[in-house]
Amino acid sequence: MTVNTEKSREAWTLVARSDDVAEGGRQVIELGNDVQIGLFRFRGKLYAYENLCPHQGGPACQGRMVDGVRERIEEGGRSAGLAFDKDDPHIVCPWHGFEYRLTTGEHAGVPSIRLRGFGVREEGGDIHVAL
């Protein structure tokens with residue numbers, strides 16, 4: 001299975017075993033040169049992001065994982081309040097609470113702000129990231 005969060009430009013690097021990232025879980029990997037990668041598994045797909053919040057450099061991938069929130073709209077366009085959305089998990093940077101969509105790396109309110117994503121693939125029980 002291959003899931004790319006960004007087009008591959010570099011060589012693939014072995015970063016973890018498949019068993020290291022459980023469904024709904026994460027693993028933060030130190031790659032050297034002060035680079036850390038957060039690996040996430042959601043509904044069988046892998047996502048990889050640099051563990052660096054664009055806001056002020058916090059360890060975004062080590063933050064709380066929460067369901068996104070969406071507004072429920074009734075017929076006729078009236079708001080029926082807010083609801084948690086299990087289909088839109090977010091990563092919350094522990095420094096200042098910036099939220100990023102797990103499946104895209106985009107900031108929940110300003111999509112032009114995003115975590116730096118990496119291509120990720122899983123083969124033969126190993127997880128590789130394109131750096």
Side-chain angles (χ1 to χ4, degrees):
M1 167 181 38
T2 300
V3 176
N4 288 319
T5 56
E6 187 174 287
K7 297 285 187 219
S8 170
R9 293 185 291 280
E10 302 283 337
W12 292 94
T13 301
L14 175 65
V15 295
R17 298 279 307 152
S18 295
D19 293 345
D20 293 338
V21 187
E23 176 62 35
R26 82 173 124 213
Q27 182 76 6
V28 177
I29 309 292
E30 180 79 39
L31 294 180
N33 296 330
D34 296 322
V35 175
Q36 291 183 348
I37 300 292
L39 296 172
F40 300 85
R41 188 183 303 273
F42 176 65
R43 294 191 175 154
K45 295 181 183 178
L46 288 168
Y47 301 88
Y49 299 104
E50 184 174 17
N51 187 25
L52 186 68
C53 182
H55 175 234
Q56 288 191 347
C61 295
Q62 291 172 249
R64 183 179 297 228
M65 292 170 49
V66 300
D67 293 334
V69 175
R70 65 175 173 79
E71 186 173 18
R72 295 178 297 134
I73 306 296
E74 294 177 342
E75 196 171 315
R78 295 185 62 108
S79 176
L82 301 175
F84 289 106
D85 186 352
K86 293 186 181 301
D87 295 328
D88 185 24
H90 291 193
I91 308 161
V92 182
C93 180
W95 281 13
H96 300 106
F98 270 43
E99 288 190 31
Y100 300 93
R101 287 190 163 85
L102 176 62
T103 57
T104 65
E106 294 176 344
H107 182 275
V110 183
S112 63
I113 299 172
R114 63 183 326 128
L115 296 172
R116 180 179 173 211
F118 295 94
V120 60
R121 70 181 182 197
E122 186 172 28
E123 293 178 331
D126 292 326
I127 299 172
H128 298 82
V129 172
L131 301 175

[X] (side chain) donor-acceptor with [Y] (main chain) under 3.5 angstrom:
| X | Y | value |
| --- | --- | --- |
| Tyr100 | Ala60 | no |
| Asp85 | Gly68 | no |
| Arg26 | Gly38 | no |
| Arg17 | Gly125 | yes |
| Glu23 | Gly44 | yes |

Does some side-chain heavy atom of [Y] sit less than 4.5 Å from a side-chain heavy atom of [X]?
| X | Y | result |
| --- | --- | --- |
| Pro54 | Phe98 | no |
| Glu50 | Gln36 | no |
| Arg121 | Trp12 | yes |

Looking at every heavy atom in both [X] and [Y], which two are closest together, and how far apart are they?
| X | Y | result |
| --- | --- | --- |
| Leu102 | Tyr49 | O-OH, 2.7 Å |
| Val129 | Phe118 | CG1-CB, 3.4 Å |
| Asn51 | Pro59 | OD1-C, 3.0 Å |
| Gly57 | Leu52 | O-CD1, 3.4 Å |
| Val21 | Gly25 | CG1-O, 3.9 Å |

Does Phe84 form a side chain to side chain contact (heavy atoms under 4.5 Å, CB included) with Val69? I'd like the steps, not just the answer. CA-CA 5 Å; Phe84 289 106; Val69 175; 4.0 Å; yes
Decide if atom CZ of Arg72 counts as having more than 12 heavy atoms of other residues, nucleotides or ligands within a radius under 6.0 Å.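 Correct, the count exceeds 12.
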When you look at Ile91 and Leu115, which way does the side chain to side chain contact (heavy atoms under 4.5 Å, CB included) test go after all the steps? CA-CA 10 Å; Ile91 308 161; Leu115 296 172; 4.2 Å; yes
Do Arg114 and Glu106 sit within salt-bridge range, that is, some charged N less than 4.0 Å from a carboxylate O?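 Yes, charged N to carboxylate O under 4.0 Å.
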Can Val120 and Val15 be said to form a side chain to side chain contact (heavy atoms under 4.5 Å, CB included), step by step? CA-CA 10 Å; Val120 60; Val15 295; over 6 Å; no
Side chain to side chain contact (heavy atoms under 4.5 Å, CB included) partner of Ile73, chosen from Arg70, Glu71, Glu75: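 That would be Glu71.
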Verdict with reasoning, Ile127 to Arg41, per side chain to side chain contact (heavy atoms under 4.5 Å, CB included): CA-CA 11 Å; Ile127 299 172; Arg41 188 183 303 273; 4.2 Å; yes
Distance, nearest 0.5 Å, that separates [atom1] of [X] from [atom2] of [Y]:
| X | Y | atom1 | atom2 | result |
| --- | --- | --- | --- | --- |
| Ile29 | Leu14 | CD1 | CG | 9.5 Å |
| Thr103 | Phe40 | OG1 | CZ | 12.0 Å |
| Asp126 | Asp20 | CG | CG | 9.5 Å |
| Ser18 | Glu123 | OG | CD | 10.0 Å |
| His107 | Cys53 | NE2 | SG | 8.0 Å |
| His55 | Trp95 | NE2 | CH2 | 10.5 Å |

